[in-house]
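Below is one structure, written out as structure tokens; comments come after it.
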Number of protein chains: 2
Amino acid sequence: MATLNDVAKRANVSKMTVSRAINHPEQVRPELRDSILHVMAELNYQPNAAARALVSRRTRVVKLTIFEDMDTTEPYYMMLLAGISNELNQHQYALQLATSNSYEVGECDGYILTGIRQKNYAWVEQLRQPVVFFGRNQQGYDYVDTNNYQAIQDSAGYAVQTGYTNLVFVGIAVDEPFETDREQGFRDFVTQTGVGARMIRLANHCHVATDYVRQHWREFPRNTAFICASDRLAIGIEDGVILQGGRVPDDYGIIGFDGVLLNQIASKRLTTMQQPLEAMGRAAARLLLANIAHPDTESQPHAQEKIIINSRLSISESTRA
Amino acid sequence: MATLNDVAKRANVSKMTVSRAINHPEQVRPELRDSILHVMAELNYQPNAAARALVSRRTRVVKLTIFEDMDTTEPYYMMLLAGISNELNQHQYALQLATSNSYEVGECDGYILTGIRQKNYAWVEQLRQPVVFFGRNQQGYDYVDTNNYQAIQDSAGYAVQTGYTNLVFVGIAVDEPFETDREQGFRDFVTQTGVGARMIRLANHCHVATDYVRQHWREFPRNTAFICASDRLAIGIEDGVILQGGRVPDDYGIIGFDGVLLNQIASKRLTTMQQPLEAMGRAAARLLLANIAHPDTESQPHAQEKIIINSRLSISESTRA
DNA sequence: CAAATTTATGCAATCGCTTGCAAAAGATTT
DNA sequence: AAATCTTTTGCAAGCGATTGCATAAATTTG
């Protein structure tokens, strides 16, 4: 591989000038700069990342750590990934992927964290680089999230508006902010409107939801709408309802959350609260890069930044029009 | 951060000894080594990856490049990812993720390539590091693949064996080896057994398959089995069949390929040819690491290595028992 | 027990690049 | 035209580790 020195010699300048032509183009005479760039292309010169990182203390790598033991069938992360990856690339940053198994491998300038649980915070605290979360947290870390509270109210509102008179919130059995926010949104909605309602919590698997419906079928009268905290639960609920002979959407409405299964399944046209995951990924990457570029100073400690990107209801065939 | 020098001083040795204690433990006196390790822990010393990479010319990074414009709802890649990631971590290698947009960002010791198309080979050829593919190729690159040819024969065989008398192969409309191998397997099976059969090719989306079934419903008599080249197509076909009033599996059988949707959907218990994706990911990582460790020499050029991991049929409710 | 051999440790150079300061060249002012 | 300021370029040092060779210590051998 050609080095900075090779380029310098060939262009009859010192390597410093070449270095500047790359990193601070405005500091070098335009014509000179062009001829240097030309030589660089000629030699197919690529700066050595390791050498750069060594002296500049910038790896130009961002690590995405997925905590939830990488649920390999969950498209959610893939969609975040796409957004993050695209944004980082625009800024010439590389994306490194880590899981619960690989905390320690490799270096980076900052972390994007997702699928995190309470038990993981101890690990997060000992990180020395900037951190951005997916999902609200009370520990003061910057985060990107969707409007969970309001989104559920919207879903519930839509269900009531289309004539369902009995609501069931089907939550995920975890005590994380994203879940409790949704539950609170639902609870407040019920209080405010006085609609008949109940809440259940299930493990986030289709068949669990299907089984639940089978076993508790009698408890769900006609005109019930299920407001679910994930598309998986929604799909499972729908299957259960259909298996019991319930008609969707005429007698039973089902609303999902996430919007990750839309393209996956043809006949299942699920009404769902769609998260703009690509945009959320991009936002997280941008936020992190900003934090990397402007590190906190002692005099001005870090103020938590929150970016909320609203989900919107995607209305389809599992609810009335 | 503590450096090698810091550790050396504290341990009263030269930094060389510390370096050896890390990289060639057998070369340093056991007791000395232990005390060095102790100091390292005390100072929370982590070797600087950049400095290491600079001199050793090893980044300890492997790049996974996904070519197919990252289809964000495709769990296939996530499952590969899990396998690759786990294997790499065991060897203290980091995984970097790249897409069609980000060919050039970041350095690595080798590439794992997936979702590749003919047009991408020009790019691949100019890579200087070892490469491992997912999927057969005739360009001489090492690869990991499943037994596409035989797998389809197994699927078809099972369909015939369970009494379906008419077979339809539903392929993906691309001219890549994985597809042509499957088609050839099907074609040969038909020739050998003389069973009634036909082949179609569709874009790999559920609704395309569903629409196709609707429009060509008359062409599919009872007792037809659809052998599909992906789970998506299978799901789409099944929906189409059901919408037309066909009974699954009594009158129509459906077999998928990949096995990525199994946990996703409860009532859709699809019979599918399950690829061992996690194992394939691990195998690819292992193969690549071996290639990195033992680079080709001039005297002994590279011989293509092929690793085939067999898929097996996972029998469920979309075919007869 | 001295010589030869093996095993452990240290020294110096180097990887490719960027930072801080200094010098040279060019432009502007008085 | 001398003095000052600004822009452009170069020099030297060093980031934190590893490689090759040299030296010191420990062990074996005749």
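Just so we're on the same page: letters track the sequence lines, and every chain starts at 1.
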**Study point:** Closest contact, heavy atoms only, N137(B) versus Q304(B)
**Key:** O-NE2, 3.3 Å
Review point. Nearest heavy-atom pair of V131(B) and D142(B): which atoms, and what distance?
Key: O-CB, 4.1 Å
Point to revise | Contact letters for nucleotides 10-19 of chain C, in which S counts primed atoms plus P, OP1 and OP2 and B counts the base, heavy atoms under 4.0 Å | key: BB---BBBBB
Review point. Rounded to whole angstroms, how far apart are CZ on R58(B) and C1' on dT19(D)?
Key: 14 Å
**Study point:** NZ/NE/NH1/NH2 to OD/OE distance under 4.0 Å, D145(B) and K306(B)
**Key:** no
Practice item. In plain terms, say whether R10(A) and E42(A) are close enough for a salt bridge, that is, a side-chain N and a carboxylate O under 4.0 Å apart. Key: yes
Practice item. Evaluate the criterion side chain to side chain donor-acceptor pair (under 3.5 Å) for residue pair N23(B) and R52(B); output intermediate values, then yes/no. Key: CA-CA 11 Å; N23(B) 300 310; R52(B) 248 182 177 172; 3.1 Å; yes
Review point. Bend across the helix from dC1(C)-dG30(D) to dT30(C)-dA1(D), to 10°, with axes taken over 5 pairs at each end?
Key: 40°
Point to revise | Rounded distance in Å - CD1 (I36(A)) to C1' (dG10(D)) | key: 12 Å
Study note, to complete from the structure: To the nearest angstrom, the NZ-P distance between K9(B) and dT9(C) comes to 20 Å
Review point. Counting just side-chain N and O atoms, does R29(B) come under 4.0 Å of either OP1 or OP2 of dT9(C)?
Key: yes
Review point. Does the pair D109(A)/R60(A) count as a salt bridge with the N-to-O cut at 4.0 Å?
Key: no
Point to revise | H91(B) NE2: over 12 foreign heavy atoms closer than 6.0 Å | key: yes
Exercise for review: Check the distance between dT18(D)'s C1' and Q27(B)'s CD and give it to me in whole angstrom.
Suggested key: 12 Å
Study note, to complete from the structure: NZ of K9(B) to OG1 of T3(B), rounded to nearest 0.5 Å, is 8.0 Å
Exercise for review: In whole angstrom, give the distance that lies between atom CG of D6(B) and atom C1' of dA17(D).
Suggested key: 13 Å
